[in-house]
Amino acid sequence: HKLGEIRAVTKIVVPIDKYIRDSQKLFWIICISTFSILIFIFVLTRIFVVKKQKESKKLQKLINILDEIIILKSNKKIYKVNEAFLKFFNIKNSKNIPQNSNLALVKSKEFLDINFNRPLSVIKEQIQNTPKEKRLIQIKDNYGKIHTLSIKIDNLEENSELFVIVLSDI
C-alpha cells in the first residue's frame, strides 16, 4: 500500500519538476533582463546628464563674455547670472544670490518701475510696451551707488518659462 502511494506521488512530482526548472529559467531570464534594462537606463541618464552639464558650461562661458548684466530666471528662481552681475552686486558666488531679490531698484518717475517679483511675462509685456529710449531702470550696486541701465527681457526659447534679462550700462 505504501509503495503504491510513492509511485503515485512520483508520477505527479516528476512532471511538476520540469515546470519548476522552466520557471527557474524564466526567473533568471527576467532578472538578467531587468538588470540589463536598469544598466541601459543608467548609461543613458549619465550620457544626458553629462551633455546637459557641458551645455550649461558653454552657456555660462558665453554669458560671462558679455559686459552686460545677464540674468537667466524663471518666475520662481534665478538659474544663472554672469560674472558682470556678480561683480556689480559684489557677490562671491552665484549660489549666494537671494532668490526673492528685487535687484535694489530705485523708484523714480523718470524710469521704469519694475517689480521683479511679478510674473516675468507681465514684466516682458510692460517693457515691450515702453518706447526703447525709455526702457531704463535705476539700480543700486552693492556700495549704494546708483546706476542707470537699459533693460531687455525675452524668453530663452519660445514657450519657455525661462527668461533672459539683460541690463546694459548706458
Side-chain angles (χ1 to χ4, degrees), residues 31-170:
C31 285
I32 291 169
S33 298
T34 304
F35 181 73
S36 299
I37 291 169
L38 288 174
I39 293 294
F40 181 72
I41 290 171
F42 174 77
V43 169
L44 278 180
T45 304
R46 185 75 183 134
I47 289 169
F48 285 118
V49 166
V50 168
K51 185 178 178 183
K52 190 169 181 156
Q53 287 173 341
K54 285 181 181 179
E55 288 176 5
S56 180
K57 286 180 183 179
K58 284 181 186 177
L59 176 63
Q60 190 66 51
K61 284 182 181 182
L62 177 66
I63 65 174
N64 282 342
I65 291 171
L66 303 171
D67 292 331
E68 291 85 2
I69 295 172
I70 309 290
I71 306 162
L72 182 59
K73 182 180 185 323
S74 71
N75 286 323
K76 298 176 183 172
K77 179 180 175 185
I78 295 175
Y79 286 93
K80 285 197 175 300
V81 296
N82 65 345
E83 289 178 9
F85 178 97
L86 298 175
K87 184 178 175 186
F88 185 86
F89 291 104
N90 195 28
I91 298 173
K92 304 286 184 222
N93 188 323
S94 61
K95 293 177 179 135
N96 298 336
I97 299 169
Q99 292 297 320
N100 57 355
S101 169
N102 209 12
L103 297 179
L105 289 172
V106 177
K107 295 194 184 239
S108 170
K109 291 178 183 175
E110 301 168 25
F111 299 96
L112 281 174
D113 183 18
I114 296 176
N115 179 352
F116 282 99
N117 294 319
R118 289 184 12 220
L120 292 171
S121 57
V122 173
I123 296 171
K124 176 183 172 183
E125 189 176 322
Q126 176 189 0
I127 292 171
Q128 288 177 339
N129 290 335
T130 303
K132 282 188 177 185
E133 64 276 359
K134 296 196 180 239
R135 295 179 185 174
L136 302 173
I137 59 172
Q138 286 193 318
I139 296 181
K140 288 184 186 179
D141 64 15
N142 191 54
Y143 305 104
K145 183 178 175 186
I146 297 175
H147 299 265
T148 302
L149 306 170
S150 68
I151 184 169
K152 298 174 192 158
I153 185 171
D154 207 347
N155 298 73
L156 181 63
E157 296 177 13
E158 195 171 321
N159 299 323
S160 170
E161 291 184 17
L162 291 177
F163 289 80
V164 178
I165 302 169
V166 179
L167 304 174
S168 305
D169 202 357
I170 58 167

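What you see is a predicted model; the values in this text were computed from it and never measured. All residue numbers refer to positions in the sequence shown, counting from 1.
- The side-chain contact (heavy atoms from CB on, under 4.5 Å) search around Thr34 returns Ile30, Leu38, not counting sequence neighbours.
- Rounded to the nearest 0.5 Å, atoms CZ (Phe111) and CD1 (Ile137) are 10.0 Å apart.
- In this structure, the separation between CZ on Arg135 and CD on Gln128 is 6.5 Å, given to the nearest 0.5 Å.
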Item checked: side-chain contact (heavy atoms from CB on, under 4.5 Å) assessment of Phe89 paired with Ile139 -> CA-CA 10 Å; Phe89 291 104; Ile139 296 181; 3.9 Å; yes

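- Looking only at atom types and distance, the side chain of Lys152 has no donor-acceptor partner in the side chain of Ser168 under 3.5 Å away.
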Next item on the list: Show your working on side-chain contact (heavy atoms from CB on, under 4.5 Å) between Lys54 and Lys57 and close with a plain yes or no.
Entry: CA-CA 5 Å; Lys54 285 181 181 179; Lys57 286 180 183 179; 5.8 Å; no

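- From Ile70, atom CD1 reaches atom CD1 of Ile65 across 11.5 Å, with rounding to the nearest 0.5 Å.
- The side chain to side chain donor-acceptor pair (under 3.5 Å) check on Asn64 picks up Gln60, Glu83, with sequence neighbours excluded.
- Interatomic distance, Gln126 CD to Asn115 CG, rounded to the nearest 0.5 Å: 9.5 Å.
- The distance from the CG atom of Asn82 to the CG atom of Leu59 is 10.0 Å, given to the nearest 0.5 Å.
- Atom-to-atom distance recorded for Leu112:CG and Ile151:CD1 is 7.5 Å, nearest 0.5 angstrom.
- Tested against Asp169 for a side chain to side chain contact (heavy atoms under 4.5 Å, CB included), the candidates Leu149, Ile69, Asp67 yield a single pass: Leu149.
- Results of the side chain to side chain contact (heavy atoms under 4.5 Å, CB included) test with Val164 over Leu72, Ile71, Ile63 single out Leu72 as the only residue that passes.
- Of all the heavy atoms in Ala84 and Glu68, the pair that sits closest is CB-O, 3.5 Å.
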Next item on the list: Kindly indicate, with the supporting measurements, whether the criterion side-chain contact (heavy atoms from CB on, under 4.5 Å) is fulfilled by Leu120 and Ile123.
Entry: CA-CA 5 Å; Leu120 292 171; Ile123 296 171; 3.9 Å; yes

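- Judged as a side-chain contact (heavy atoms from CB on, under 4.5 Å), and not counting sequence neighbours, the contacts of Ser74 are Lys76, Lys77, Tyr79, Leu162.
- The two atoms that bring Phe163 and Lys124 nearest to each other are CE2-CD, 4.0 Å, heavy atoms only.
- A donor-acceptor pair under 3.5 Å is absent between the side-chain atoms of Ser56 and the main chain of Lys52, judged by distance alone.
- Within 6.0 Å of atom CD in Glu133, more than 12 heavy atoms from other residues, nucleotides or ligands are found, so the atom counts as buried in its surroundings.
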